[in-house]
Amino acid sequence: MTATLPGPGMSPGMAPGMSRRLALAALAGSAADLAGVALIASAAWLITRAAEQPPLAALSVAIVAVRAFATTRGIFRYGERLAGHDVALRAQAGTRERLYQALIPTGPLSHRGADLLSRMVDDTDAVQDLLVRCVLPAVAALLTGIAAVVVAAFLLPAAALVLAAGLLVAGVLLPAGTAAAARRWSARIAPARAELAAKVADLVHGAADLAAYGARGHALAAGMDADARLAKLERGQARINAAGLGLGVLAQGLTVVTVVLTAQAAHLGTVATAVLALTALVSFEPVLPLAAAGERFAGVLAALRRLREIRATPPAVAEPESPAPPPEPPLTVEVENLVVRHGDRQPALDGVSLTLTPGKRVAIVGPSGAGKSTLLSALMRTVDIESGNIRINEVDVREYASDDVRARMTGLTQDPYVFQATVRDNLRLAGPDASDGDLARAVRQARLDTWAERTGWDTTLGEDGRTVSGGQLQRLALARALLFDPSVLLLDEPAEALDEETAGLLMADLLDATRGRTTLLVTHRLRGLEQVDEIVVLENGRVAQRGTHAELLAVPGYYRDLWASEAMTGGHA
Ligand code: ADP
């Protein structure tokens, strides 16, 4: 994760091959523009000289030149498009990959999903634009401009000065102006676009809640407002583009007229004047789009800044320089005096110790905010350790690559996801090579077999398919976890948000299915915990109580109180 994102004005962390391709594209683009100028200059010479009716032999070189320039211009343009897009798409792919790496594992991110998505798509496109729409045209315009001024200088130095001045106005002043104006606009447009994306995401994902509370009209109106604000800003931005292009054409016209007047004042011959005028006219062709490029450049700079911001989000955990070989199962996990802190708040875990030997099942209970999820995050290496230690098979967890740790200690996340795919594929996600037998066994252990048979293994689930109830979703996630078969199974509040009866059945089945597996179960339901080997009660990040179900019931404290209140609400029935 040491690669850097492209910064303004530099090639995006390119390999040597990429720089060669970029140079090739710039060369081909410039050659195409130069051929264009040469074509017009030689054609102008040919037509005006032909009007003087010289012997045909005097024109033959110009005839060949016109043909040659016309053909090569097309060939060079094709080469430029090919090489330019190739290099831009490669750079874009590289940027996207580095961005994914910066986001995984996701630490606490301050960006909302929709905003992040729009950044991913729009801002990585900006990298392509930087090369194709800004850098390559600027190089081609510069070379063509210089060539046209040199040709003009041979014919009439004064006219060359006029042309150079006109080209500078159209190629430097105007783009700088549009870039400055666009920077002001894009500073307003980017948040407006992010706001619209977030509003639309709220409308889509929160549709059910909005309908339930009759708030759809209000939310829709807010979305429409955001849309109107964005549209207004974008119209303003489009006006900059139009003004830039218009002023460029004006500069072109004035320059050509002034060049012709200068030539007449210097009593230049007809042929030379025609060549001069047309060369001046056509030399603006690659320069005019620079006003739009300037406008785009401002947007690209802002996009690159936003991408760097995401990249600058420090990784959730530091990776070792040379990781230890992955731990071999069976795993023994020792947590010793673990202290974990989110930001500069109170430690979320403050001196927690526990040991998971192969086959041992430990339950973590405690009030909300006690640090239960933080403990799972520390084990899965999505938050870093402040002090204390986690050792896997006697090696400090920080010496392993975090991916190796996550591949062996994982399980049920708090918010499992159903993909828009068949029942079979939703399960196979966790075991692409699993046989039908493995699949059937996992589904049976998660007590999902009846449901799977009734629904059909090839029925599509998810957003556009069949929806899945909360209990089935947890069982699907459990079957997935069993199929993945991690060395240490982590289960985060599997019965959260389920009704009492469903939760009770799920917990009973889950405790059955995990028998003999090394398991860490975070739960707020105590029923069935007599089956686990150890129960650790966390309060305020510290271990308040620990022991077996029977031992904890024998002493006053959080566990006995919670057991009593569960009994009163019929939770043990
Ligand atoms: P539990 O799972 O027991 O409810 P958590 O581990 O989620 O507890 O939280 C423990 C403490 O850490 C709480 O005070 C919580 O507010 C804080 N916390 C958890 N996650 C984050 C985070 N990503 N950023 C900041 N604080 C966090």
Side-chain angles (χ1 to χ4, degrees), residues 102-113 115-116 309-310 312-318 333 335-354 356 361-390 397 402 405-406 409-416 470 474 477 481 488-498 503 506-507 510 519-527 529 532 534-547 552 557-559 561-563 565-566:
L103 294 175
I104 300 168
T106 40
L109 270 179
S110 55
H111 314 288
R112 298 189 59 180
D115 176 27
L116 195 62
E309 229 177 70
I310 297 180
T313 312
V317 291
V333 183
V335 177
E336 197 179 78
N337 278 327
L338 186 65
V339 178
V340 174
R341 198 190 292 267
H342 298 286
D344 37 2
R345 310 165 49 139
Q346 288 279 92
L349 288 180
D350 195 0
V352 172
S353 301
L354 64 93
L356 277 165
R361 289 189 293 176
V362 175
I364 308 286
V365 298
S368 171
K372 304 183 293 292
S373 301
T374 303
L375 177 60
L376 290 185
S377 303
L379 289 168
M380 287 179 75
R381 299 292 285 141
T382 54
V383 291
D384 225 338
I385 296 166
E386 182 173 299
S387 67
N389 210 338
I390 299 176
V397 75
S402 59
V405 175
R406 276 192 288 273
M409 296 207 289
T410 186
L412 222 72
T413 53
Q414 226 173 28
D415 204 6
Q474 290 296 344
V488 178
L489 183 62
L490 305 177
L491 303 167
D492 195 2
E493 303 260 20
E496 170 109 347
L498 296 185
L506 175 75
M507 287 303 286
L510 187 137
T519 306
L520 192 73
L521 165 67
V522 168
T523 178
H524 60 278
R525 275 161 209 279
L526 307 187
R527 196 163 77 137
L529 290 194
V532 304
E534 188 184 15
I535 297 159
V536 176
V537 179
L538 286 185
E539 271 176 288
N540 292 324
R542 293 166 187 271
V543 177
Q545 293 183 284
R546 69 193 320 154
L552 290 179
Y558 176 85
Y559 194 85
D561 293 349
L562 188 60
W563 181 260
S565 78
E566 263 187 23

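Everything quoted here is computed from the prediction, not taken from an experiment. One-based numbering, in listed order, for ligands and for the atoms of each.
- Judged purely by atom type and a 3.5 angstrom limit, E566 uses its side chain to pair as donor or acceptor with the backbone of L526.
- For E534, the salt bridge (Lys or Arg N to Asp or Glu O under 4.0 Å) test picks out K360, R546, with sequence neighbours left out.
- The backbone N or O of L521 sits nowhere less than 3.5 Å from a side-chain atom of T519 that would complete a donor-acceptor pair.
- Heavy-atom distances between G371 and ligand 1 reach below 4.0 Å in at least one pair.
- When the options S373, G369, A370 are ranked by their closest heavy atom to atom 13 (C) of ligand 1, first place goes to G369.
- Residues satisfying the side-chain contact (heavy atoms from CB on, under 4.5 Å) criterion with E539, sequence neighbours excluded, are P367, V537, A544, Y558.
- In summary, the atoms of ligand 1 found under 4.0 Å from a heavy atom of T374, numbered by their order in the structure, are 5 (P), 6 (O), 9 (O), 10 (C).
- Every atom of ligand 1 with a heavy atom of P367 under 4.0 Å away is listed here by number and element: 3 (O).
- Using a 4.0 Å cutoff on heavy atoms, S377 does not count as a contact of ligand 1.
- Side chain of K372 to backbone of G366: a donor-acceptor contact under 3.5 angstrom is found.
- Without hydrogens or angle criteria, Q545 side chain to Y559 main chain gives a donor-acceptor distance under 3.5 Å.
- Under a 4.0 Å criterion applied to the non-hydrogen atoms of A348, ligand 1 contributes the atoms 10 (C), 11 (C), 12 (O).
- Compare R345, H342, R341 by their heavy atoms: the one nearest to atom 16 (O) of ligand 1 is in R345.
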